[in-house]
Amino acid sequence: MPELPEVETVKNELAPHILGRTFTDITILWDGIVKIPSVEEFRSRLVGQKITDLSRHGKYLALALNSDDLLVIHMKMSGSLLLSRDSREPPKYTRAIFHLDGGISMFFRDPRKFGRVWLVRDWRMAAQRLGPEPLEPEFTPQVLAQRLKNRKAPVKALICDQSVIAGIGNMYADEALFVAKINPLRSGSSLTPEELERLHQAIQQTLRTAIRNKGASIVNYYRPGGEPGTAHFEFNVAHGRGKNCPDCGRPIQRIAVRNRGTYFCPKCQPAG
DNA sequence: CCCGGAACCTGAAGGC
DNA sequence: TGCCTTCAGGTTCCGG
């Protein structure tokens, strides 16, 4: 599932192939993928526009166009953006084809139909209430502390909340909490300054390592060239069903937090 | 505002 | 073999 490291990888690997190119045609194979505006307006406004910049906001990818519009893309759980030189036979589950000049096409493949695209003037029209970027200088331990204090919800749920911090999802929340040695069920308000410092450090370290490894391909994530990432090979607990804690050797436990599979080590991350 | 749960969606995997 | 249930989870919506 694409979270911050996966979207960052997609952005970095798309850029050299699509930057400066112009959309020559748009094929929408499933209308529901276009969130804003109508499918017809989406196509007509996009064709002829040149891609001038790529940026990432949380898990949202934004392609800036010379018209000052932004093509915003969210891959949600099962989406991938795949580059090809042959648009005649898109892979199964392709929902949209972005044809570019120079004979390149970008397929938006998404088996689960959760992914969406927007054509808007400001990326905030697609990504409402996005918290701070965890890898930007603005994200300090103090900022994290401020955003978690007075919150009774489990810290796992809070750091997965895009309005608290942008870009973290289920996998990296589990990884960061393991590295910080914090139980996922602890409430935000119960964390000590030392724990908040460790969590801040763990979030940045976990995300940076995953970006270096081009993202994690547990299910349904492929890089634009079709290759998987390798970040999941270094996971400590995430999706660690049946595995043992790399630190103490005890079995990793699976619980549900807000209906999301949550993996942790009961010994290394004791309940508060 | 805060919290927790449901809904969206479909393929994979497991149980019997 | 095949049907059925469960699981996967990013985001939004809704009720308390």
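Chain letters run A, B, ... following the sequence lines, proteins first, then strands; residues in each count from 1.
Between the CG atom of A:Leu148 and the C1' atom of B:dC1 there is a distance of 16 Å, rounded to whole Å. Here B:dC1 presents its P atom at 13 Å from CZ of A:Arg147, a figure rounded to the nearest Å. Spacing between atom CD1 of A:Ile165 and atom P of C:dG10 amounts to 14 Å, rounded to whole angstrom units. Rounded to whole angstrom, the span from the CZ atom of A:Phe235 across to the C1' atom of C:dA8 amounts to 14 Å. Atom C1' of nucleotide C:dC13 and atom CG of A:Asp161 are separated by 14 Å, given to the nearest angstrom. A:Arg129 has its CZ atom 7 Å from the P atom of C:dT12, to the nearest Å. Between the CE atom of A:Met77 and the P atom of C:dC7 there is a distance of 14 Å, rounded to whole Å. Atoms CG (A:Asn259) and C1' (C:dC7) sit 11 Å apart, rounded to a whole Å.
Just one of A:Phe42, A:Tyr60, A:Trp123 meets the ring pair (Phe, Tyr, Trp, His ring centres under 6.0 Å) condition when paired with A:Trp118; it is A:Tyr60.
Phosphate contact (OP1/OP2 of C:dG10, side-chain N/O of A:Tyr60, threshold under 4.0 Å): absent. A close approach under 4.0 Å does not occur between any side-chain nitrogen or oxygen of A:Asn220 and OP1 or OP2 of B:dG11. For A:Gln162, no side-chain nitrogen or oxygen approaches OP1 or OP2 of C:dG10 to under 4.0 Å. Taking only side-chain nitrogens and oxygens, A:Arg260 never comes nearer than 4.0 Å to OP1 or OP2 of B:dG5. When the side-chain nitrogen and oxygen atoms of A:Arg151 are compared with OP1 and OP2 of B:dC3, one or more of them lie within a distance under 4.0 Å. Residue A:Lys35 has no polar side-chain atom (N or O) positioned under 4.0 Å from OP1 or OP2 of C:dT11. Taking only side-chain nitrogens and oxygens, A:Lys113 comes nearer than 4.0 Å to OP1 or OP2 of B:dT10. At the phosphate of C:dG10, neither OP1 nor OP2 sits under 4.0 Å from any side-chain N or O atom of A:Tyr221. Taking side-chain N and O atoms only, A:His74 has a distance below 4.0 Å to OP1 or OP2 of C:dT11.
The nucleotide whose nearest atom lies closest to any side-chain atom of A:Arg254 is, among C:dG10, C:dC7, B:dG4, C:dC7. Of the candidate nucleotides C:dA8, C:dT11, B:dG4, C:dT11 has the atom nearest to the side chain of A:Lys59. Listed nucleotides: C:dT12, C:dG10, C:dC7. Nearest to the side chain of A:Gln128: C:dT12. The A:Lys76 side chain lies nearest to C:dT11 when the options are C:dT11, C:dA8, B:dG4.
Note on A:Tyr172: nothing from the nucleic acid sits closer than 4.0 angstrom, heavy atoms only. Within the 4.0 angstrom heavy-atom criterion, no nucleotide atom of any strand lies near A:Arg95.
Contact of A:Arg116 with C:dG10 (side chain to base): no donor-acceptor pair of N or O atoms is detected under 3.5 Å.
In the model, A:His200 has no side-chain atom that pairs as donor or acceptor with a side-chain atom of A:Thr140 under 3.5 Å. At a cut-off of 3.5 Å, with distance as the only test, a side-chain donor of A:Gln49 or A:Ser67 sits close to an acceptor on the other residue. A donor atom on one side chain and an acceptor atom on the other are not found under 3.5 Å apart for A:Thr230 and A:His232.
If you find the closest nucleotide of DNA chain B to A:Arg112 and to A:Leu158, the one lying nearer the 5' end belongs to A:Leu158.
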Please lay out, stage by stage, how A:Lys152 and A:Ser187 fare under the test side chain to side chain donor-acceptor pair (under 3.5 Å).
-> CA-CA 5 Å; A:Lys152 295 184 107 157; A:Ser187 72; over 6 Å; no

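Atoms CG and CG, from A:Leu119 and A:Leu70 in turn, are 8.5 Å apart once rounded to the nearest 0.5 Å.
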